[in-house]
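Hydrogens, waters and symmetry mates are skipped; everything else that's a heavy atom, side chains included, is used.
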Amino acid sequence: MTRTDQLTKESEVVRRPGRWLALTVLVLAVLLVAVDATVLGLATPYLSEDLRPTGTQLLWIGDVYSFVIAGLLVSMGSLGDRIGRKKLLLTGATAFGAVSVLNAYATSPEMMIVARALLGVAGATLMPSTLALIRNLFHDPRERSFAIGIWGAMASAGAAVGPVVGGFLLEHFWWGSVFLINLPVMVVLVLVGAKLIPESRNPAPGPWDLTSVALSLVGMIGIVYAVKEVAAHGVGLGMAVSAVAGAAALTLFVRRQLRLEAPLLDMRLFHHRGFSGAVLADLLTILGLSGLVFFLSQFLQLVQGRPPLEAGLAELPAAVGAVTAGLVAGLVARRFSVRSVVSGGLAAVGLALAVLTLLDRTTGYPLLGAALLVVGVGAGFAFTVTADVILSSVPREQAGAASAVSETAYELGAALGIALLGSVVTGVYSDFVTPDGVPASTAAAAHESLGGAVEVSAGLPDATATALVTAAQDAFVEGLRIAAGVGAMVLLATAVAAWFLLRGQKLAEGAEHP
């Protein structure tokens with residue numbers, strides 16, 4: 001074979017026919033998960049009115065999905081490397097759609113929590129598979145950067161589509177309808193993906209170690225649960241037992257991976273400074289953002305009185321900024337540097353969150369919209385580039401495991417953010433002073449959640465009802481301001497850390513060949 005023939009053959013391998021069509025199907029899975037996450041926040045006031053969860057149950061409904069995903073992602077990423085990423089993706093998409101029906105028809109807070117946990121199991125099969133398949137579809141680094149940008153942009157588009165579509169549904173149907181929108185997306189993904197997406201797996205994966213799976217699940221859930229408990233109730237026996245059990249399980253997990261010939265997660269990946277820095281940046285960034293985002297829809301609806309559709313549209317600037325930044329992030333990172341783009345994006349998000357500490361009940365939309373736009377742009381730059389760094393740092397056969405680590409950082413950050421910052425909001429809110437004339441039973445219900453306060457105020461005299469709702473709204477906004485301040489400090493500190501951890505890191509330039 002001549003040199004020219006060899007180059008031609010390699011070019012054909014690098015640029016797989018149909019790869020862009022396959023990408024469009026993969027991002028449907030991203031939309032599936034992103035839409036589901038965002039519509040829940042918008043539906044929370046309606047869900048609260050129907051199911052009447054306590055404040056603690058409401059937090060569990062919000063974060064158990066992320067807890068379960070965080071505990072299973074590494075295992076599912078490794079499973080995809082072994083049995084085939086396409087097979088795992090299509091199986092997970094089918095399960096995700098089916099469990100969405102269970103969420104839609106939940107009849108109690110306990111049933112809703114279980115349904116959300118099962119949705120997390122299904123979701124854990126989707127996200128590592130999508131990024132890993134992109135890693136194997138696009139061998140040209142510049143094409144891969146653009147594909148990852150589209151992947152991230154569609155995740156942000158899902159965050160935008162969720163509130164808008166969810167708002168429309170909530171104004172015309174019951175709250176469960178926001179979960180049923182997953183079904184048509186799932187059908188398209190499974191039917192079209194079966195034809196377009198090529199299968200890929202690790203050619204020599206070794207056995208799937210169930211002991212490692214169990215240790216990973218117990219460890220992650222134990223640690224996250226302990227953080228949630230200490231944030232909500234302080235140090236206690238249950239929290240201590242959970243923390244010790246989780247830490248012990250994770251320690252045993254790491255030791256076991258170092259001994260196994262075919263580990264569930266190759267711990268040597270973390271020897272790469274760029275890989276470790278990108279993972280840490282993702283985790284802390286989502287931690288700083290997620291608690292605030294979870295309560296923002298409640299602020300727009302229950303404090304500022306916006307209808308669901310208007311509240312969804314009000315959150316669009318963040319998604320528009322993230323989509324725009326994600327599509328050009330790879331180009332900008334090559335023009336300047338990885339660390340300047342990631343650190344600059346994180347600093348921008350931190351400053352935008354700092355601006356949100358000025359919120360009050362009457363804050364006009366221009367300030368809020370501008371802050372959300374900056375949050376979107378900064379996050380779009382940071383997340384797209386860190387995802388590219390993580391995928392570029394590992395061999396293609398380990399793409400599933402690397403993607404799982406990236407997604408675990410994201411979901412763990414979301415769970416911790418909701419647990420910590422959400423508990424800040426809840427803690428500040430629950431301490432508001434009840435106005436005179438409010439019966440004790442009514443006051444107890446009002447202190448559970450802002451949605452509960454608005455609901456029980458309907459049975460009070462006008463003056464008393466107004467005083468109760470105003471006091472509750474003021475306390476909620478105060479908690480939101482404090483959470484925004486904490487988030488801003490986390491983001492700014494992460495920006496500084498990323499500047500040093502990503503020093504010298506560059507995105508790949510030359511084409512790869514299998």
Any donor-acceptor pair under 3.5 Å from [X] side chain to [Y] backbone:
| X | Y | value |
| --- | --- | --- |
| Thr125 | Leu89 | no |
| Thr357 | Ala354 | yes |
| Ser100 | Phe96 | yes |
| Thr470 | Thr466 | yes |

- [ ] Taking the side chain as every heavy atom from C-beta outward, state whether Asp474 and Glu478 have any atom pair closer than 4.5 Å.
- [x]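 SC-SC contact between Asp474 and Glu478 ruled out.
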Open item on the list: Quick check: do Val374 and Val349 have side-chain heavy atoms less than 4.5 Å from each other?
Closed with: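 In short, these two side chains do not touch, never coming nearer than 4.5 Å.
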- [ ] Fit a plane to each ring of Tyr429 and Phe476, take the angle between them on a 0 to 90° scale, and name the class: parallel (under 30°), tilted (30 to 60°) or perpendicular (over 60°).
- [x]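 Ring orientation of Tyr429 relative to Phe476: perpendicular.
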Open item on the list: Working note: Leu450 + Val303, criterion side chain to side chain contact (heavy atoms under 4.5 Å, CB included); need CA distance, chi angles, decisive distance, verdict.
Closed with: CA-CA 9 Å; Leu450 180 56; Val303 176; 3.7 Å; yes
Open item on the list: Is it true that Thr363 and Asp360 share a donor-acceptor pair across their side chains at a distance under 3.5 Å?
Closed with: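 On atom types as modelled, these side chains qualify, holding a pair under 3.5 Å.
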Over all atoms of both residues, closest heavy-atom pair of [X] and [Y]:
| X | Y | value |
| --- | --- | --- |
| Leu183 | Gly97 | CD2-O, 3.1 Å |
| Ala465 | Ser457 | CB-O, 3.2 Å |
| Gly326 | Thr384 | CA-OG1, 3.4 Å |
| Val68 | Gly120 | CG1-C, 3.8 Å |
| Ala352 | Ala371 | CB-O, 3.6 Å |
| Tyr105 | Met111 | O-CE, 3.9 Å |

Quick check for you: to the nearest 0.5 Å, what is the distance between [X] atom [atom1] and [Y] atom [atom2]?
| X | Y | atom1 | atom2 | result |
| --- | --- | --- | --- | --- |
| Ile113 | Leu51 | CD1 | CG | 10.0 Å |
| Phe253 | Met220 | CZ | CE | 9.5 Å |
| Leu90 | Leu191 | CG | CG | 9.5 Å |
| Gln304 | Leu359 | CD | CG | 7.5 Å |
| Leu368 | Leu300 | CG | CG | 6.0 Å |
| Leu353 | Leu372 | CG | CG | 9.5 Å |

Task: Contacts of Glu455 that satisfy salt bridge (charged side-chain N to carboxylate O under 4.0 Å, His left out) - sequence neighbours left out - done: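 Scan of Glu455 (salt bridge (charged side-chain N to carboxylate O under 4.0 Å, His left out), adjacent residues dropped) gives Arg52.
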- [ ] Determine, step by step, whether Thr324 and Val377 satisfy the side chain to side chain contact (heavy atoms under 4.5 Å, CB included) criterion, reporting the C-alpha distance in whole Å, the side-chain angles of both residues, the deciding distance to 0.1 Å, and the verdict.
- [x] CA-CA 7 Å; Thr324 304; Val377 171; 5.9 Å; no
- [ ] Walk me through it: do Leu346 and Phe383 pass the test side chain to side chain contact (heavy atoms under 4.5 Å, CB included)?
- [x] CA-CA 9 Å; Leu346 298 182; Phe383 287 138; 5.9 Å; no
TODO: Begin with the C-alpha distance, continue with both residues' side-chain angles, and end with the deciding distance and a verdict on side chain to side chain contact (heavy atoms under 4.5 Å, CB included) for Met112 and Asn103.
DONE: CA-CA 6 Å; Met112 189 67 185; Asn103 279 261; 3.9 Å; yes
Task: Partner residues of Phe299 under the ring-ring contact (aromatic ring centres under 6.0 Å, His included) criterion, sequence neighbours left out - done: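 Here no residue qualifies.
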Open item on the list: Does atom CZ (Phe173) have a neighbourhood of more than 12 heavy atoms from anything else shown, all under 6.0 Å?
Closed with: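 12 or below, so no.
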